[in-house]
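The structure appears right after this line, and notes come after that.
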Protein chains: 2
Amino acid sequence: MPTHPSDEERETRDSGKAGAVRTRRKAERPGEILEAAFEEFVQKGYAATRLEDVAARAGVTKGTIYVYFENKEQVFVAMVRELSRPVHVQAEEFAESSASSTAEFLRAYLCFLYRILATDPRGREIFRLLIAEANRFPELIDEHHQNFMGPVVRRLRQSLEDGAERGEIRRSSILEFPELLLSPALSLNISMLLFSDRRPIDMERHFEIAVDLLLNGLLQRPAGKADQPGQSS
Amino acid sequence: MPTHPSDEERETRDSGKAGAVRTRRKAERPGEILEAAFEEFVQKGYAATRLEDVAARAGVTKGTIYVYFENKEQVFVAMVRELSRPVHVQAEEFAESSASSTAEFLRAYLCFLYRILATDPRGREIFRLLIAEANRFPELIDEHHQNFMGPVVRRLRQSLEDGAERGEIRRSSILEFPELLLSPALSLNISMLLFSDRRPIDMERHFEIAVDLLLNGLLQRPAGKADQPGQSS
DNA sequence: TAATATTGACTAACCGGTCAGTCAATAATT
DNA sequence: AATTATTGACTGACCGGTTAGTCAATATTA
């Protein structure tokens with residue numbers, strides 16, 4: 001054996017999963033390749049990305065990519081799917097752990113979505129790629145809608161309806177476009193995408209102000225209960 | 001010098017440009033090329049666009065493009081500038097014709113911006129290109145901000161301040177992010193970019209509802225000064 | 001040794017950019 | 001007016017470099 005196994009491989013052997021190093025590599029390669037693909041696609045865009053660079057970043061050569069993926073398009077599609085999954089499960093998880101009053105839930109939910117849409121750099125960049133390549137990969141867009149946007153909007157609508165039922169929220173036609181509640185986060189996202197880091201934005205503050213704007217447009221203000229946007233954490 | 005003005009020459013000299021086909025072509029070529037470039041870039045994205053296709057669409061050959069433009073990058077930059085200009089002048093024009101109360105002005109201004117950002121397909125697509133290529137053409141982004149976004153935001157802020165002064169609008173910290181007022185339009189824009197035509201949206205209605213959401217968050221309720229957001233920064 | 005993962009050289013096509021040359025329109029000359 | 005010279009917009013063949021995708025050879029492990 002002229003060459004020595006890399007540290008990773010040796011390490012793996014110790015952890016003694018039923019399979020062998022080989023199968024472990026085989027199992028992990030796709031993920032590594034997709035991770036590398038993400039970074040390259042983000043940096044250069046779909047068309048300008050060289051699969052050879054992706055391979056190099058993943059520590060393999062171009063041929064290996066074609067062992068696991070059909071072609072460049074499929075690498076891209078698989079990458080988007082792979083990196084969207086965590087977002088989807090996060091959203092799912094959040095859905096479980098919901099409770100409390102409508103206003104409170106809305107605030108928490110919007111905060112959560114802010115983090116996903118605007119704060120998390122990965123979410124941001126995936127979003128950029130989706131916008132840029134929407135015409136070339138419509139199926140990805142539809143998936144995204146089905147797995148993320150759809151449920152989120154449904155949840156928002158439900159929440160608004162509940163709130164109206166309970167009298168916490170004024171009845172308004174916003175039920176027709178609940179996604180309007182996401183627009184501040186989206187707007188922030190776009191800003192970040194445009195001015196990568198040239199114009200620093202206080203995202204915390206942005207969120208507070210957006211919530212203030214939204215809630216004071218939503219909450220019925222009979223009197224007493226003041227709806228302050230103040231830091232509740 | 002015994003120059004003898006022929007009829008053609010006289011005509012040319014008089015009307016300035018009606019004469020020579022040659023010079024006429026020269027004057028119009030760049031615009032034609034940029035128009036063709038716009039369509040190709042929109043369809044395929046920057047990297048995937050072939051200058052040969054641009055040329056063909058403009059009815060010339062590739063060489064001609066290099067008579068008028070330095071390289072592919074400059075074609076792109078010039079195209080964005082060319083197609084952004086009308087938007088900038090429109091915005092300028094609107095700025096002139098402002099009057100009436102704050103609430104009224106805000107509504108009209110937002111409607112105007114809605115049209116530019118979301119309704120007009122060209123503005124939409126330019127926006128997509130900017131988002132997609134923001135990292136590769138930062139100077140374009142800065143121009144866009146300087147020529148459009150900056151003035152718009154300034155105008156919005158001014159308008160909000162005026163409104164607050166007059167008591168039409170509640171004082172709130174939205175003055176820190178007046179661009180939040182644009183977020184519904186932006187959100188609509190993104191939706192259109194993603195689902196090209198697959199999910200038809202009633203833009204008129206969207207606008208009405210967004211304005212309702214925004215204004216009812218902005219306008220002071222006559223019922224009595226319920227609350228201030230108390231954010232003293 | 002058998003089975004499989006990986007390599008990297010190779011192909012074929014593609015494309016940005018160049019440039020010597022063409023030709024119609026104009027100007028100068030007779 | 002007729003002839004010749006000049007201009008310059010436009011062409012299109014070409015070059016050099018690049019890259020998606022292939023596959024026979026090699027390395028690795030069981």
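We name chains A, B, ... by the order of the sequence lines, and we start the count at 1 in each one.
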Original post:
What is the nucleic acid contact for A:Val67, judged by heavy atoms within less than 4.0 Å: base, sugar-phosphate only, or nothing?
Top reply: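 Result for A:Val67 = base.
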Subject >> Nearest-nucleotide pick for A:Lys72, side chain only, options being D:dA20, C:dT6, C:dG17 >> reply: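 Nearest nucleotide to the side chain: D:dA20.
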Subject >> Among D:dC10, C:dG16, D:dG21, the one nearest B:Arg29 by side-chain distance >> reply: D:dC10
[X] [atom1] to [N] [atom2]: how many Å, rounded?
X	N	atom1	atom2	value
A:Phe69	C:dT6	CZ	P	12 Å
B:Leu51	D:dG12	CG	C1'	15 Å
B:Glu70	C:dG17	CD	P	9 Å
B:Ile65	C:dC15	CD1	C1'	12 Å
B:Ile33	D:dA9	CD1	P	12 Å
B:Gln74	C:dG17	CD	C1'	14 Å
B:Asp53	C:dC15	CG	C1'	10 Å
A:Glu28	C:dT6	CD	P	11 Å

**OP:** Output all residues satisfying salt bridge (charged side-chain N to carboxylate O under 4.0 Å, His left out) with A:Glu133, sequence neighbours left out; order by chain, then residue number.
**Re:** A:Arg136
Any side-chain N or O of [X] below 4.0 angstrom from OP1/OP2 of [N]?
X	N	result
B:Arg50	C:dC14	no
A:Tyr68	C:dA5	no
B:Tyr66	D:dT11	no

Original post:
Considering residues at least two apart in sequence or located in another chain, which fulfil the ring pair (Phe, Tyr, Trp, His ring centres under 6.0 Å) criterion with A:Tyr46?
Top reply: A:Phe41, A:Phe76, A:Phe137
**OP:** Please name all residues satisfying ring pair (Phe, Tyr, Trp, His ring centres under 6.0 Å) with B:His206, sequence neighbours left out, ordered by chain then number.
**Re:**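 A:Phe177, B:Tyr114.
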Expected rows: protein N/O vs nucleotides 8-13 of chain C N/O, under 3.5 Å:
none

Original post:
More than 12 non-hydrogen atoms from neighbouring residues, nucleotides or ligands closer than 6.0 Å to CD on B:Glu139, yes or no?
Top reply: yes
Tell me which donor-acceptor pairs under 3.5 Å the side chains of residues 190-198 of chain A have, and how far apart each pair is, sequence neighbours excluded?
{"residue": "A:Ser196", "atom": "OG", "partner": "B:Asn135", "partner atom": "OD1", "Å": "2.9"}
{"residue": "A:Arg198", "atom": "NH1", "partner": "B:Pro138", "partner atom": "O", "Å": "3.4"}
{"residue": "A:Arg198", "atom": "NH1", "partner": "B:Asp142", "partner atom": "OD1", "Å": "2.7"}
{"residue": "A:Arg198", "atom": "NH1", "partner": "B:Asp142", "partner atom": "OD2", "Å": "3.0"}
{"residue": "A:Arg198", "atom": "NH2", "partner": "A:Leu194", "partner atom": "O", "Å": "3.2"}

Original post:
Is the side chain of B:Lys72 donor-acceptor paired with the backbone N or O of B:Thr49 at a distance under 3.5 Å, no angle test?
Top reply: yes
Original post:
Who are the side chain to side chain contact (heavy atoms under 4.5 Å, CB included) partners of A:Glu70, not counting sequence neighbours?
Top reply: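 Partners of A:Glu70 by the side chain to side chain contact (heavy atoms under 4.5 Å, CB included) criterion, ordered by chain and then number, come out as A:Gln74.
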